[in-house]
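Some notes on the structure that comes next.
Just follow the structure's listing: the first ligand is 1, and inside any ligand the first atom is 1.
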Amino acid sequence: MANNEDEKKEQIGITVKKDEDFSEWYTQLLQKAELIEYTEVSGCYVLRPRLYSIWEIAQNYFDNLIKKDGVTNAYFPLFIPESYLQREASHIKGFSPEVAWVTHAGQTKMAEKLAIRPTSETIMYPSYKKWIRSYKDLPLRINQWCNVVRWEFKNPVPLLRSREFLWQEGHTVFATKEGAWEEVLQILDFYADLFENLYAIPVLKGIKSEKEKFAGADATTSVETFLPSGKAIQGATSHLLGQNFAKAFDITYTDKDEKKKHAWQNSWGFSTRSLGMLIMFHSDDKGLVLPPRLASNKVVVVPIFFEKNKDVVLKKAKELVRQLEEFNPIFDNRDEYTPGWKYNEWELKGIPLRIEFGPRDLEKKQVMIVRRDNGKKEAVPFKDIKKKIPLLLEDMQKSLFNKAKKFLKDSTAETTSWKEIEKAIKDKKLVKTIWCEEAECEDLMKDRTDGAKILNMPFKQPDLKGEKCPQCGKPAKKQIYFAKSY
Ligand code: 86X
């Protein structure tokens, strides 16, 4: 029996350590925790119910934030006529090899081929042109939740770099640049709120360099973070599109002064990539660790019984499960597995709290509650359970965030010496440094570090008078975050 169990455990648990073989750890975790299923199509994955439920909670949270702010949802078609896609040249430049096309219906070749949306600007903005007449029609603020396809050729990483993913894309129109910019920052704050308060992931807010911004935008802002794999990653972006698309799509309005003017636009998005960040950030050698707010099942109840006391233990356990309804408990009353086996399974699957409960606990009128994040176990009297669970969940949410903040801080090297920057990048650190703001120098920094790039530049900049750019020695203009990234 014991041997059998050991064998099964080996197949079911993760067989490598997170800090020894990160990418193998990640792919085993995704499959063994029943989050992702691979398919025959490279770069395309099934999001299984345990993962999709996390996405639904994140969606709901962000959807509420933007709706309270006045954004409404709509849905635009998946297919984009070729002629539409090409209307704004700068936005497609560099991306066109990734566009997937529909060319046939059955055996019949189509008159105009249709792109599967890689992003929806060019299908949305012809409608916007029709809907906007006067300043009274503005602001127009629409969001859509959908899938997009980008046929990338870099090696795919589930959730982080997949060929199809889910996201929200907000596309908004304003009468003034000031109104638009105010929204860019508001939405960026919503993304920071989402990552920090829901995902328990600290982020760095800032503005992209000229080279790294979206080519179709006047300015790109982002939230970025740093993962335990030693690479930085962009979590979400919020763009000030300026009048670039308004000019390409002829989106104009008649202002109060009766003059016709081009509108000001923004776009912003976050995607299922955030789920990859979440899993990589908090999970451990035993499996998935979820911030409780993202867990749809917050507790699992594991009754401990033998044949002779099975009935009384299960009766009380059932009663408990009924009381804990609001935490959407899993009740693991399976006969054919030992409690130890069940503990491993629910740890692998990331249930935040485990409630153990046996004959001796029944006598003492208590249960044992075990936290997934730190393994701490405590006895809780029956009468206190309902009060105690929310406290433990909140504490776990907070402590995961604090641990993540400490990780980000410890992973950051602040320096203005080029030698130290090179060393820090080699040591898989995120570098906080300063820069002359010249694109040529930015290229050299990338070359000399084997591909590290500027993530973004904090909004609040220090006074850099007299400071020199570490790479070229010219006067420094901007404080930056610099790292290798996904
Ligand atoms: C850039 C810009 C923007 C709305 C966002 O970042 C947030 C949500 N869109 C997306 N981008 C492209 O424009 C793009 C275009 C084509 Cl044609 C493509 F194949 C891939 C793309 N990838 C990104």
Side-chain angles (χ1 to χ4, degrees), residues 43 59 62-63 66 71 73-102 113-128 140-154 156 160-173 180 183-188 190-191 194 206-208 211-224 233-242 244-246 248-249 251 264-274 455-456 485-486:
Q59 264 189 314
F62 188 75
D63 206 56
I66 59 175
V71 177
N73 285 333
Y75 184 80
F76 288 77
L78 169 67
F79 300 115
I80 308 179
E82 183 177 22
S83 54
Y84 284 35
L85 201 66
Q86 283 166 350
R87 256 196 238 166
E88 210 284 347
S90 66
H91 115 282
I92 179 147
K93 218 170 77 197
F95 292 125
S96 51
E98 295 176 6
V99 179
W101 295 97
V102 177
K113 62 180 181 174
L114 300 171
I116 301 174
R117 67 176 161 236
T119 179
S120 300
E121 284 77 359
T122 56
I123 191 76
M124 293 173 86
Y125 299 168
S127 297
Y128 283 19
L140 175 71
R141 303 177 73 204
I142 293 177
N143 175 68
Q144 84 169 347
W145 293 96
C146 65
N147 59 339
V148 288
V149 170
R150 296 178 183 173
W151 214 258
E152 300 218 33
F153 290 92
K154 283 193 212 149
L160 297 193
R161 204 183 309 122
S162 55
R163 286 174 164 174
E164 178 185 3
F165 55 86
L166 307 181
W167 75 351
Q168 61 65 221
E169 48 182 322
H171 293 265
T172 56
V173 190
E183 189 210 47
V184 166
L185 298 179
Q186 174 62 259
I187 296 291
L188 200 67
F190 288 161
Y191 287 132
L194 173 79
I207 185 157
K208 293 269 184 190
K211 245 178 77 79
E212 295 293 339
K213 78 170 171 62
F214 170 39
D218 280 359
T220 294
T221 68
S222 68
V223 292
E224 313 265 344
I233 189 162
Q234 176 181 294
T237 61
S238 179
H239 307 284
L240 180 78
L241 296 179
N244 303 329
F245 284 91
F249 287 85
I251 302 172
W264 296 84
Q265 290 179 271
N266 294 337
S267 78
W268 29 273
F270 90 101
S271 74
T272 40
R273 157 184 270 209
S274 63
L455 308 174
N456 66 21
S485 62
Y486 282 98

Check each atom of ligand 1 against the heavy atoms of H171 and keep those under 4.0 Å away; list them by number with element. 4 (C)
Heavy-atom neighbours of Y84 OH exceed 12 at 6.0 Å: no
Is it true that Y128 and F249 have ring centroids separated by less than 6.0 Å? no
Any nitrogen or oxygen of E98 lying under 3.5 Å from a nitrogen or oxygen in ligand 1? Just yes or no. no
Out of W167, W151, F214, who gets a non-hydrogen atom closest to atom 1 (C) of ligand 1? F214
In terms of relative ring orientation, are F214 and H239 parallel, tilted or perpendicular, with 30° and 60° separating the classes? tilted
Where the side chain of N266 meets the backbone of A180, is there a donor-acceptor pair that is under 3.5 Å apart? yes
Taking atom types as modelled, is there a side-chain donor on Q265 or S267 under 3.5 Å from an acceptor on the other? no
Polar atom proximity, E169 to ligand 1 (N or O, under 3.5 Å): no
Taking the side chain as everything from C-beta on, heavy atoms only, tell me whether L188 gets closer than 4.5 Å to V223. yes
Please confirm whether H239 comes within less than 3.5 Å of ligand 1 when only nitrogen or oxygen atoms on both sides are compared. yes
Taking atom 17 (Cl) of ligand 1 as the reference point, the nearest protein heavy atom with its distance: P118 CG, 3.5 Å
Interfacing atoms of ligand 1 (cut-off 4.0 Å, heavy-atom, T237): 6 (O)
List the steps and the verdict of side chain to side chain donor-acceptor pair (under 3.5 Å) for S120 and E169. CA-CA 8 Å; S120 300; E169 48 182 322; 2.6 Å; yes
Residue pair W268, E183: steps toward the side chain to side chain donor-acceptor pair (under 3.5 Å) verdict: CA-CA 10 Å; W268 29 273; E183 189 210 47; 3.3 Å; yes
Look at atom 3 (C) of ligand 1 and say which protein heavy atom is nearest, naming residue and atom and giving the distance to 0.1 Å. E121 OE2, 3.3 Å
Considering only heavy atoms, which of G170, S96, S271, G269 lies nearest to atom 7 (C) of ligand 1? G269
Within the 4.0 Å heavy-atom shell around V99, which atoms of ligand 1 are there? 17 (Cl), 19 (F)
Nearest-neighbour protein heavy atom for atom 13 (O) of ligand 1, which is reported as residue plus atom name and distance: H91 CD2, 3.2 Å
Write out the residue and atom name of the closest protein heavy atom to atom 22 (N) of ligand 1, then the distance separating them to 0.1 Å. R150 CZ, 3.0 Å
Among all protein non-hydrogen atoms, which one is nearest to atom 16 (C) of ligand 1, and what is the separation to 0.1 Å? F95 CB, 3.3 Å
Mind checking whether F62 and W145 have side chains closer than 4.5 Å, heavy atoms only? yes
